[in-house]
Amino acid sequence: MLVNNASVYQPGRLRETDVAMMRLVAAVHVQSPLLLCKRFEATLRQHRGHIINMVDLLSERPSPQYLIYCASKAALANLTIGLARELAPEVTVNGIAPGVVQWPEGYPAVEQERYLKRVPLGRAGTPADVANLVHFLCTEGSYITGQIIRLDGGRSIT
């Protein structure tokens with residue numbers, strides 16, 4: 001099992017974006033997962049392994065405040081689908097697109113409440129919710145590949 005979970009939640013609108021920021025975010029969200037998959041391909045194939053890429057709901061609904069972050073997570077979602085095709089049938093490759101599972105430090109309570117009003121299940125997710133889905137995909141999900149699973153309490157349907 002390989003879980004590509006590293007992330008840089010880097011804010012930045014167009015006017016704030018520079019080459020250094022783009023390189024950093026792309027290195028963490030796209031290049032590193034690709035290189036890790038390449039490095040462990042033979043082992044994953046041999047053991048009928050699983051790759052889980054942590055994407056983000058913002059890969060589908062980009063926020064102008066996190067322009068490069070969103071674009072790089074969209075690239076990771078695309079890479080997930082491409083790798084699923086490349087590594088089948090021996091390896092499954094899926095992505096998890098969580099909603100909020102931990103509020104950013106200092107995130108205003110009023111904004112948290114506003115967000116949760118748009119979540120049908122009425123609560124933020126937890127790291128345990130993510131861990132449970134990773135576990136499921138790696139133990140019971142042998143016929144699931146190339147999917148980006150929204151783990152957001154229904155937020156993406158509102």
Side-chain angles (χ1 to χ4, degrees), residues 1-12 17 21-104 115-116 118-158:
M1 164 181 38
L2 172 62
V3 178
N4 291 305
N5 189 40
S7 186
V8 177
Y9 192 57
Q10 179 70 47
T17 300
M21 179 193 300
M22 290 186 299
R23 286 185 178 145
L24 171 65
V25 174
V28 172
H29 296 156
V30 184
Q31 293 167 359
S32 294
L34 178 63
L35 292 173
L36 286 166
C37 291
K38 182 176 179 178
R39 166 65 180 87
F40 293 108
E41 177 185 3
T43 301
L44 287 161
R45 284 186 187 275
Q46 178 184 3
H47 296 284
R48 302 193 70 76
H50 309 279
I51 298 170
I52 311 295
N53 292 325
M54 297 307 297
V55 187
D56 193 301
L57 288 177
L58 294 175
S59 67
E60 295 179 12
R61 291 181 169 182
S63 165
Q65 294 88 352
Y66 290 86
L67 188 63
I68 297 304
Y69 171 85
C70 296
S72 67
K73 287 294 190 169
L76 180 58
N78 186 274
L79 180 64
T80 300
I81 296 165
L83 286 169
R85 295 182 70 194
E86 169 97 11
L87 298 174
E90 298 90 359
V91 180
T92 66
V93 184
N94 291 291
I96 298 174
V100 171
V101 294
Q102 184 171 341
W103 298 105
Y115 178 88
L116 292 176
R118 298 183 313 230
V119 177
L121 293 184
R123 68 172 179 87
T126 66
D129 292 324
V130 177
N132 290 338
L133 182 53
V134 169
H135 182 263
F136 172 81
L137 289 170
C138 293
T139 59
E140 303 296 324
S142 64
Y143 198 62
I144 302 170
T145 197
Q147 301 303 305
I148 307 298
I149 300 170
R150 297 178 188 119
L151 184 65
D152 64 354
R155 170 64 182 100
S156 57
I157 64 171
T158 62

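FYI, side chains are in, hydrogens and waters are out, and symmetry mates aren't considered; it's all heavy atoms of this structure.
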In Å and rounded to the nearest 0.5 Å, what is the CD1 to NE2 distance from Ile68 to His29? 11.5 Å
Asn94 and Gly146 have their tightest heavy-atom pair at OD1-N, 3.3 Å
Name all pairs fulfilling the salt bridge (Lys or Arg N to Asp or Glu O under 4.0 Å) condition that reach into residues 64-82, sequence neighbours left out, sorted by first residue then second. none
Does the Ser72 side chain pair with the main chain of Ala26, one donor and one acceptor, at a distance under 3.5 Å? no
Heavy-atom check, side chain of Leu133 versus side chain of Ile149, under 4.5 Å: yes
Considering all heavy atoms of both residues, which atom of Cys37 and which atom of Leu83 are nearest to each other, and what is their separation? SG-CD1, 3.7 Å
With sequence neighbours excluded, what pairs up with Tyr9 under the ring pair (Phe, Tyr, Trp, His ring centres under 6.0 Å) test? Tyr66, Tyr69
Among all residues two or more places apart in sequence or in another chain, which pass the side chain to side chain donor-acceptor pair (under 3.5 Å) test with Thr139? none
CG of Leu151 to CG of Leu57, rounded to nearest 0.5 Å, is 8.5 Å
Please find the pair of heavy atoms, one from Val55 and one from Ala77, that lie closest to each other, and give the distance. CG1-CB, 3.8 Å
Are more than 12 heavy atoms from other residues, nucleotides or ligands located less than 6.0 Å from atom CE of Met1? no
Run the side-chain contact (heavy atoms from CB on, under 4.5 Å) test against Gln31 and tell me which residues pass, sequence neighbours left out. Ala27
Can you list every salt bridge (Lys or Arg N to Asp or Glu O under 4.0 Å) pair that touches residues 24-47, not counting sequence neighbours? Glu41-Arg45, Arg45-Glu90
Exactly one of Ile96, Val3, Val93 should register a side chain to side chain contact (heavy atoms under 4.5 Å, CB included) with Leu137. Which one does? Ile96
Find the distance between CD1 (Ile148) and CG (Asp56) and round it off to the nearest 0.5 Å. 11.5 Å
Check side chain to side chain donor-acceptor pair (under 3.5 Å) between Thr43 and all other residues, then give those that pass, not counting sequence neighbours. none
Indicate yes or no: at least one non-hydrogen side-chain atom of Ser59 is less than 4.5 angstrom from one of Leu76. no
Minimum heavy-atom distance Ile144-Phe136, with the two atoms named: CD1-CE2, 3.8 Å
Nearest 0.5 Å please: distance from the CZ atom of Arg155 over to the CG atom of Leu121. 13.0 Å
Side chain to side chain donor-acceptor pair (under 3.5 Å) with Ser142: which residues, sequence neighbours excluded? none
If you measure from CE on Met22 to CD on Gln10, what distance do you get to the nearest 0.5 Å? 12.5 Å
Once side chain to side chain donor-acceptor pair (under 3.5 Å) is applied, what residue pairs with a partner in residues 119-129 remain, sequence neighbours excluded? Arg123-Asp129, Thr126-Asp129
Pairs touching residues 137-158 that satisfy ring-ring contact (aromatic ring centres under 6.0 Å, His included), sequence neighbours left out: none
Keeping the roles fixed (side chain from Arg48, backbone from Pro89), state whether a donor-acceptor pair exists under 3.5 Å. yes
Indicate the atoms forming the closest heavy-atom contact of Leu58 with Ser63, along with that distance. CD2-CB, 4.2 Å
Could you work out, with salt bridge (charged side-chain N to carboxylate O under 4.0 Å, His left out) as the rule, every residue matching Arg150, not counting sequence neighbours? Glu60
Donor-acceptor pair, side chain of Asp152 and main chain of Pro98, under 3.5 angstrom: no
Considering non-hydrogen atoms only, spot the tightest contact between Ala124 and Leu116 and give its length. N-CD2, 3.3 Å
Counting heavy atoms not belonging to Glu86, are there more than 12 under 6.0 Å from its CD? no
Please enumerate all residues that pass salt bridge (charged side-chain N to carboxylate O under 4.0 Å, His left out) together with Arg85, with sequence neighbours excluded. none
Does Asn4 have any side chain to side chain donor-acceptor pair (under 3.5 Å) partners at least two apart in sequence or in another chain, and if so, which? Asn53
